[in-house]
Amino acid sequence: MFRRCRSKLLWAGLIAALSIPTTLLADSSSYTETRIYELPLVDFPYNNGRAPSMKQSLLISRDFYYVMHNYILDAQLGDAQIVVGQKINSWPIVLFDTASLLIPLGSTWAHEEWHRASLGAIGVGSVNHMSQLKNYGFYTDSSLSDVELGKIKTAHPQEFVRIATAGLESAYELNLEFEKQAFFNNHHPIVGSLLFQHVVGNFYYMNFCTNKGEAGGDCTMWVYEMFRPHAPVYQDTSVLTTEERDYLIRQRNLTLLNVIDPMLFGKKEFVTPSGDWHWNANARHMLTPFGYDIAANVFLKSRDDLDIFGAIHTYHNDKNTSLGLDATLPRYATRWFDKPVHITPRVFAWMQPDNLMFRDATTKLGGLASVRVDVPIEEGWEIYGELESKSKGWVAGNEYLDSKMAVRFGLTKVIQAPSRWKIAVPVAEKETLPQ
């Protein structure tokens with residue numbers, strides 16, 4: 001178990017890549033773009049002998065794509081701006097995104113790292129074979145026997161289910177990172193191909209799992225372990241019951257909710273009639289340890305440079321539907337001790353199944369609070385520290401299901417550059433354009 005070939009995932013990604021529309025996030029309301037690259041140095045307690053955490057591999061993979069996309073565009077266009085509606089050759093980026101499925105730091109690598117992180121959170125060591133070019137493969141390998149895994153399942157039934165879906169979770173969280181950067185920082189070097197690849201790739205992978213005879217996929221293991229917390233650990237030869245297969249098919253169909261995303265089709269933002277607010281929103285469906293989550297993500301920014309990210313969650317298990325509310329102020333500019341800093345506070349409250357199990361009949365209040373502070377240290381460089389505390393509960397992108405306090409440190413490279421995207425400017429505004 002957990003030594004699962006990812007050929008189905010790879011084929012899903014390739015199928016998605018071949019059907020990618022070359023849509024661009026081409027509309028822009030800013031004359032500049034802020035390119036943010038992060039070096040996540042410490043994520044404690046996870047980095048107590050293990051690395052990378054979910055957060056670290058997410059940022060590494062995100063910035064890997066940003067560096068390569070910007071390099072390709074710079075080589076092709078130089079300093080020239082892209083006019084809305086302009087035809088450009090986006091195929092080098094699409095081909096790179098397709099090839100990235102086969103190499104470390106790409107989204108398949110991140111998929112496997114999230115399996116490893118969820119295993120590591122309960123003390124199980126594993127290997128991502130994508131990181132070992134001498135022993136290349138698309139799977140995460142744990143050397144534990146089924147007897148040892150059975151003991152872990154008995155002790156950690158919720159985590160045992162979450163391990164199976166962590167890889168699928170990584171793709172949606174990577175998309176969210178791209179979308180936040182596009183909306184709040186105007187940094188979107190043709191990421192539409194990636195957004196599409198991840199959404200469609202996850203759907204195809206779920207579809208593989210629902211086909212008879214296609215045992216062995218992550219989502220097949222997920223539904224088996226969720227429905228049978230007291231059964232022996234999942235084996236490839238296991239046959240799903242009709243109830244389990246129907247539930248899996250339903251989740252495959254609900255995955256299509258992730259297509260409700262304007263950024264997927266090149267629309268970065270909308271503007272309120274007054275012009276005071278820019279906004280966007282999308283739907284998100286994710287598998288959880290207890291069932292699934294359907295969420296609405298909302299992006300807001302005001303004329304006065306106030307940025308807000310919010311999400312409304314609906315959590316579903318076999319017995320209940322409950323709510324969660326999440327709010328973040330990304331990189332809020334302020335001054336501490338007469339020095340300019342950026343702070344990112346987050347507050348998240350939820351009602352989730354009491355024991356995070358599929359058949360829990362009651363729900364329990366939980367929450368997460370965090371604050372991150374980015375402090376300039378020299379031109380273009382910042383150092384950041386983050387403190388996060390959460391109760392028991394499932395949070396996408398957090399490897400722990402139990403209550404945990406985390407401390408993170410790292411470096412941030414911030415590049416202010418003219419926007420790649422040329423926007424139409426009313427005559428009355430031309431005199432106020434930045435030079």
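Everything numeric here is computed off the predicted structure, so don't read it as measured data.
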Electrostatic pair [X]:[Y] at N-O distance under 4.0 angstrom:
X: K55; Y: D43; result: no
X: R228; Y: E244; result: yes
X: K268; Y: E179; result: no
X: K392; Y: E159; result: no
X: D326; Y: R346; result: yes

Mark yes when over 12 heavy atoms from residues, nucleotides or ligands other than I312 sit less than 6.0 Å from its CD1; otherwise mark no.
no

Within 6.0 Å of NZ in K413, more than 12 heavy atoms from elsewhere:
yes

Using 30° and 60° as the class limits, which term best fits the ring planes of [X] and [Y]: parallel, tilted or perpendicular?
X: F358; Y: F227; answer: tilted
X: Y65; Y: F96; answer: perpendicular
X: W350; Y: F348; answer: perpendicular

Donor-acceptor pair between [X] and [Y] side chains, under 3.5 angstrom:
X: R62; Y: Y37; result: no
X: N128; Y: H115; result: no
X: H342; Y: T344; result: no
X: E269; Y: H278; result: yes

Less than 4.5 Å apart, any side-chain heavy atom of F290 and any of M357?
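No, their side chains stay 4.5 Å or more apart.
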
Pi-cation contact, F265 with K267 (under 6.0 Å, within 45°):
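Output no; distance or angle outside limits.
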
Establish, for the pair K404 and Y400, whether the NZ or CZ atom is under 6.0 angstrom from the six-membered ring centre and no further than 45 degrees off its axis.
yes

For the ring pair F309 and F183, is the centre-to-centre distance below 6.0 Å?
no

H188 and F178: aromatic ring centres closer than 6.0 Å?
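Here the rings of F178 and H188 have centres that are no less than 6.0 Å from each other.
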
